[in-house]
Amino acid sequence: MPAMRRFAMHEKTVLGACPHDCPDTCSLVTTVVNGVATRVQGNAQHPMTGGVLCAKVSKYTERTYHPERVLTPLRRSGPKGSGQFEPVSWDEALADIAQRLHHIAQRNPEAILPYSYAGTMGRVQGESMDRRFFHQLGASLLDRTICASAGSTALQHTYGGKLGMRVEFFAESKLILIWGSNSIGSNLHFWRIAQEAKRNGAKLICIDPRKSETADKCHAHLQLLPGTDAALALALMHELIRNDWLDHDYIAEHTLGWEQLKAKALEWPPERAAQVCGLPVEQIVQLARDYGTTKPAAIRLNYGVQRTRGGGNAVRAIACLPALVGAWRHRAGGLLLSSSSHAPLNAARLHMPQLLGERRPRIINMSTMGDALLQAQPAIEALVVYNSNPVAVAPDSVKVAKGFAREDLFTVVLEHFMTDTADYADYVLPATTQLEHWDIHSSYGHTDVLLNQPAIAPLGQAKSNAQIFRELAAHMAAWDPAFAAPHFQDSDEALCHQALEGSCISFDDLLMQGFAQQDLPDAPFAEGGFPTPSGKCEFVSSALEQMGISAVPDYLPNYEQPSADYPLAMISPPARNFLNSTFVNVKTLRHIEGRPVLEMHPQDAAARGIADGDAVRVFNARGEYLCHASINGRARAGVVVGLGIWWRKDGMNGTNVNELTHQQLTDMGRAPAFYDCAVQVARHG
Ligand SMILES: Nc1nc2c(c(=O)[nH]1)N[C@H]1C(S)=C(S)[C@@H](COP(=O)(O)OP(=O)(O)OC[C@H]3O[C@@H](n4cnc5c(=O)[nH]c(N)nc54)[C@H](O)[C@@H]3O)O[C@H]1N2
Ligand SMILES: Nc1nc2c(c(=O)[nH]1)N[C@H]1C(S)=C(S)[C@@H](COP(=O)(O)OP(=O)(O)OC[C@H]3O[C@@H](n4cnc5c(=O)[nH]c(N)nc54)[C@H](O)[C@@H]3O)O[C@H]1N2
Ligand SMILES: [Mo]
């Protein structure tokens, strides 16, 4: 190619890790030509990634070089929330922020709150220097419950941790229940494994109120009402007992509380569950037969089931099933919700909780952020937001937005883009993307560790989160010498090393391959050995009982039952081409999703004179959301689906689906009940 010979072309590939909040945590290979990243691909050497990426992350260069990237620090120049800003220098911004935080901290450090979630799952850019900074300050602690804590708490009190099947062995399963998950959209690399099992003769069954893309491709679909999974699981147990499809030896040796669970299950004949779940009795009976008689049987449980009032109990009920049939005896049997507890990374080394000393700051729950900003006493006076877009993603956004709009709230947002949250900032600080910084990752869907090496230099004046907190600490040191300590100077690369302290993973292996695999048993509970207080799979949990929660898993009806005013249940799972509210502004992906929609069943639409594509008003006592009806066959009668999570500012009336969700918490884990929400719908205009 003669044109290329004119330059001294320098092309290289750099190994990285996908930073997104997704169970797949892919190994990436970025091609860099003359300092510019031209392409991001899946690493073919990494078994889980298998050289394949989702549509979103294959567009990662489009996101990184997006013309709307924030590339200089910005200071607010208009009214709060107006999105008007002017560029300022880093020095000016950081000096002012440090001074303001210092003044607040002198009066009461707990008036300062960090707010972050998993915009990047990287340990360095997500939970290292930031934690040290806020611990030193004595700021309020954030209870990070917005995603997974109901299910995690449930697993903790059943298995003793976020532990489960090794994902690769689903390929050998003969029956896979995909329960509360749209794998094709949100766990694509698991779906590849499930396809392999299907080719080997496995039956795939999807349990989901929405006829998702995944449901389309399974052999059977149980389209239950949201929040009724515990009733279904108890009815399955009922049938396992009635037909004696039980592994009596496994139950006797490795479980705790069988008599109590049995008594509870016997209250749930399939006919009763069918009523509650809105399913035909035969479907429940057939599912029990499949589960009771197919070996090995595996459950890919996911977080879709735990976003209702009884979400924790539902996860516990489902998590009991594999022990009843002895599925754990086989490496291709059992259950996987999260593998996080397998991660060998050293969080305490990164966080340094000892910097708190004797101080025990109050804890603010991120899932009730609206109320916290409007009501917490003493008031939250300063908020530092990074790796999250709470104004779009937190429940009850009427209140969240009102809280962010407080004139007396000082808000700093570290971001790539002017999100709904950045619009409310006093300062927006430009952060690097995954192509521009170091990081280290574990996964909640597999058990490997990955290293992310920077592929390109930071764009514009962007700095990594860890760098921003290092520099903020340096400015704070002008008032408080504690911030001059060496642990506030550890580089991003040094932090990657620290994350590995105490583990068997070698940094050099990570540098060379991009990933490292752990030496773990094939079947974690083949011979019991649950890390619970009793050492058994705890059908009955005294720890939960002490918290006032049913000791044995039980069905709890949703907070918001359909009523005359609000007769439809609404769920709001993610759109396939977005990742929560990330990628909403990437044109090629937004183009695929089109516009904000509410999926409706033809009957529910007809009853309201709504046709496919009509503008609709979705509303309840909390707020209203305008979007377009989609009558695409995915919603069941009585349930509407508001696919998320669009930016509010893109909405027809400046709202998104979280205008309708509420701040009531799940039965355990203090988590939001996003999918426990009743609404009414009307044609708009
Ligand atoms: N493409 C894409 N991938 C993602 C994300 C994304 O936004 N987009 N988000 C990431 C994040 S943060 C997370 S936590 C994970 C989530 O991953 P999963 O937990 O696998 O969740 P989803 O794929 O959102 O699927 C949830 C499914 O649960 C269904 N559902 C809703 N309510 C109920 C219920 O009461 N019972 C049952 N059985 N099902 C219910 C929904 O219809 C939806 O199909 O995915 C991650 N991956
Ligand atoms: N209605 C409804 N609401 C939901 C859900 C739902 O299913 N329905 N799902 C919930 C779930 S499961 C979750 S996990 C939450 C997710 O909510 P969030 O954790 O807020 O996730 P995102 O919306 O993806 O926002 C992440 C932000 O972090 C930024 N970011 C990414 N990398 C970096 C970085 O390195 N540095 C900095 N400074 N910023 C970075 C991105 O630009 C993006 O704006 O939403 C929850 N909200
Ligand atoms: Mo999540």
Side-chain angles (χ1 to χ4, degrees), residues 19-24 54-56 63 115-122 125-126 146-148 151 178-188 190 206-215 222 224-229 232 300-308 310-311 314 318 337 367 385-390 392-395 397 413-417 419-422 429-434 436-437 439 444-445 462 464-465 468 558 569-585 634 639 641-645 647 656-658 660-661 672 674-677:
H20 290 295
D21 187 350
C22 166
D24 295 15
C54 66
K56 305 175 294 296
R63 185 173 188 276
Y115 187 106
S116 72
Y117 202 65
T120 168
M121 299 278 298
Q125 308 309 339
I146 202 160
C147 172
I178 300 180
W179 202 323
S181 181
N182 183 9
S183 314
I184 292 182
S186 63
N187 194 182
L188 184 65
F190 162 74
C206 180
I207 304 171
D208 193 314
R210 175 174 185 251
K211 188 166 180 295
S212 65
E213 295 86 341
T214 305
L222 278 74
L224 79 185
L225 289 165
T228 63
D229 301 270
L232 177 60
R300 181 62 174 112
L301 180 61
N302 227 318
Y303 286 107
V305 300
Q306 47 112 64
R307 305 200 196 290
T308 58
I318 297 163
L337 169 60
S367 299
V385 184
Y386 50 102
N387 300 344
S388 185
N389 183 11
V393 307
S397 44
V413 177
L414 285 57
E415 250 303 344
H416 301 148
F417 293 105
T419 59
D420 290 328
T421 306
L429 303 178
T432 44
T433 69
Q434 190 78 345
E436 301 153 70
H437 57 224
D439 219 325
Y444 61 94
S464 74
N465 290 345
I468 295 172
N558 279 1
M570 186 189 78
I571 56 172
S572 48
R576 183 174 171 181
N577 293 285
F578 299 151
L579 203 129
N580 301 319
S581 78
T582 304
F583 295 107
V584 172
N585 63 335
R634 299 209 176 279
V639 179
V641 184
L643 289 181
I645 306 176
W647 288 8
N656 71 9
V657 75
N658 278 321
L660 306 166
T661 55
F674 286 115
Y675 303 167
D676 178 340
C677 177

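Worth saying up front: this structure is predicted, and the values here are computed from it rather than measured. Just follow the structure's listing: the first ligand is 1, and inside any ligand the first atom is 1. For the numbers below, each heavy atom of this structure counts, side chains included, while hydrogens, waters and symmetry mates do not.
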Contact region, A314 to ligand 1, non-hydrogen atoms below 4.0 Å, reads neither
Applying a heavy-atom cut-off of 4.0 Å, say which part of N182 lies close to ligand 1: side chain, backbone, both or neither. both
At less than 4.0 angstrom from any non-hydrogen atom of N389, what atoms of ligand 2 do you find? 20 (O), 25 (O)
For ligand 1, indicate whether the residue Y675 contacts it via side chain, backbone, both or neither (heavy-atom separation under 4.0 Å). side chain
Measuring only between side-chain heavy atoms, which start at C-beta, is M570 closer than 4.5 Å to L660? yes
Backbone, side chain, both or neither: what part of H20 comes under 4.0 angstrom of ligand 2, heavy atoms only? neither
Is there a polar contact, in the sense of an N or O pair closer than 3.5 Å, between N580 and ligand 1? yes
Ignoring angles and geometry beyond distance, decide whether T228 reaches within less than 3.5 Å of ligand 1 through its nitrogen or oxygen atoms. no
Quick one: does T661 get an N or O within less than 3.5 Å of an N or O on ligand 2? no
Any nitrogen or oxygen of P574 lying under 3.5 Å from a nitrogen or oxygen in ligand 1? Just yes or no. no
S581-ligand 2 polar pair, N/O distance under 3.5 Å: yes
R307 and ligand 1 - part of the residue with a heavy-atom distance under 4.0 Å: side chain
With nothing but distance in play, are any N or O atoms of P573 less than 3.5 Å from an N or O of ligand 2? no
May I ask you to check whether G304 has an N/O atom sitting below 3.5 Å from an N/O atom of ligand 1? yes
Are any of the heavy atoms in K56 under 4.0 Å away from ligand 1? yes
Among V305, L232, V639, whose side-chain contact (heavy atoms from CB on, under 4.5 Å) with L224 holds? L232
Hey, is C147 touching ligand 1 through its side chain, its backbone, both or neither, going by heavy atoms under 4.0 Å? side chain
Does Y444 come within less than 4.0 angstrom of ligand 1, counting non-hydrogen atoms of the residue? yes
Identity and distance of the protein heavy atom lying nearest atom 39 (N) of ligand 1: P209 CD, 3.2 Å
May I ask you to list the atoms of ligand 2 that are less than 4.0 angstrom from any heavy atom of G119? 26 (C), 28 (O), 31 (C), 32 (N)
Quick test: of every protein heavy atom, which one is nearest to atom 15 (C) of ligand 2, and how far off is it to 0.1 Å? I146 CG2, 4.0 Å
Could you find the nearest protein heavy atom to atom 30 (N) of ligand 2 and give me its residue, atom name and distance? H416 CE1, 3.8 Å
For the backbone of C147 and the side chain of Q306, can you confirm whether one donor and one acceptor N or O come within less than 3.5 Å of each other? yes
For atom 24 (O) of ligand 2, the closest protein heavy atom turns out to be T582 OG1, 2.5 Å
Does D676 use its side chain to pair, donor to acceptor, with the backbone of T308 at less than 3.5 Å? no
Short side-chain to backbone donor-acceptor contact, R300 and L337, under 3.5 Å: yes
Using a 4.0 Å heavy-atom cut-off, which part of A118 comes near ligand 2: side chain, backbone, both, or neither? backbone
Purely on distance, is any nitrogen or oxygen of V657 under 3.5 Å from one on ligand 2? no
Can you tell me how far apart OG (S181) and CZ (F190) are? Round to the nearest 0.5 Å. 7.5 Å
Heavy-atom closest pair, residues N658 and A394: CB-O, 3.4 Å
To check your reading of the model: name the closest protein heavy atom to atom 40 (C) of ligand 2, its residue, and the distance in Å. N387 OD1, 3.5 Å
Residue and atom name of the nearest protein heavy atom (relative to atom 5 (C) of ligand 2), distance in Å to one decimal: I645 CD1, 3.7 Å
For ligand 1, is there an atom lying under 4.0 Å from some heavy atom of A575? yes
Kindly indicate whether a cation-pi arrangement holds for R307 with F674, taking the cut-offs as under 6.0 Å to the six-membered ring centre and within 45° of the axis. no
Check C22 against L579 and note the closest heavy-atom contact, atom names and distance. CB-CD1, 4.3 Å
Pairs of nitrogen or oxygen atoms closer than 3.5 Å, one from Y386 and one from ligand 2: do any exist? no
Any nitrogen or oxygen of T308 lying under 3.5 Å from a nitrogen or oxygen in ligand 1? Just yes or no. no
For atom 35 (O) of ligand 1, what is the nearest protein heavy atom, given as residue, atom name and distance? G227 N, 2.8 Å
Going by the order shown, which atoms of ligand 2 are within less than 4.0 Å of some heavy atom of T419? 44 (O)
Just let me know how D229 lines up against ligand 1, side chain, backbone, both or neither, with a heavy-atom cut-off below 4.0 Å. side chain
As an exercise, identify every atom of ligand 2 less than 4.0 angstrom from a heavy atom of D21. 14 (S)
Considering only heavy atoms of L579, which atoms of ligand 2 have at least one such atom less than 4.0 Å away? 24 (O)
Protein heavy-atom partner closest to atom 17 (O) of ligand 1 - residue, atom, separation in Å: S186 OG, 3.5 Å
Any N or O on S183 sitting closer than 3.5 Å to an N or O of ligand 1? no
Do you see a donor-acceptor pair shorter than 3.5 Å between the side chains of Y675 and N558? no
In terms of residue, atom name and distance, what is the protein heavy atom nearest to atom 45 (O) of ligand 2? V393 CB, 3.4 Å
Within the side chain of W647, is there an N or O that forms a donor-acceptor pair under 3.5 Å with the backbone of S581? yes
The single option from N389, N580, I146 passing side-chain contact (heavy atoms from CB on, under 4.5 Å) against Y117: I146
Nearest protein heavy-atom contact for atom 26 (C) of ligand 1: which residue, which atom, what distance? G180 O, 3.4 Å
Sub-4.0 Å atoms of ligand 2 with respect to non-hydrogen atoms of Y117: 14 (S), 19 (O)
Just need the protein heavy atom nearest to atom 29 (C) of ligand 2, so name the residue and atom and give the distance. E415 OE2, 3.3 Å
Going by heavy-atom distance to atom 3 (N) of ligand 2, choose the closest among F674, F583, Y303. F674
Atom 8 (N) of ligand 2 [closest protein heavy-atom partner, distance rounded to 0.1 Å]: S572 O, 2.9 Å
Polar proximity ligand 1 side, G185 side, N/O cut 3.5 Å exclusive: yes
Any N or O of F578 that comes nearer than 3.5 Å to an N or O of ligand 1? yes
For N658, counting its heavy atoms only, list the atoms of ligand 2 lying under 4.0 Å from any of them. 1 (N), 2 (C), 3 (N)
Tell me, which protein residue and heavy-atom name are nearest atom 20 (O) of ligand 1, and how many Å apart are they? S181 OG, 2.6 Å
Please list, in number order, the atoms of ligand 2 under 4.0 Å from a heavy atom of H437. 35 (O)
for atom 27 (C) of ligand 1, nearest protein heavy atom and its distance come out as D208 OD2, 3.4 Å
Smallest heavy-atom separation, N577 atom then K56 atom, equals O-CG, 3.5 Å
Quick check: I571 and ligand 1, any N/O pair under 3.5 Å apart? no
Give me the atom names and distance for the closest heavy-atom approach of T432 to S464. OG1-CA, 3.0 Å
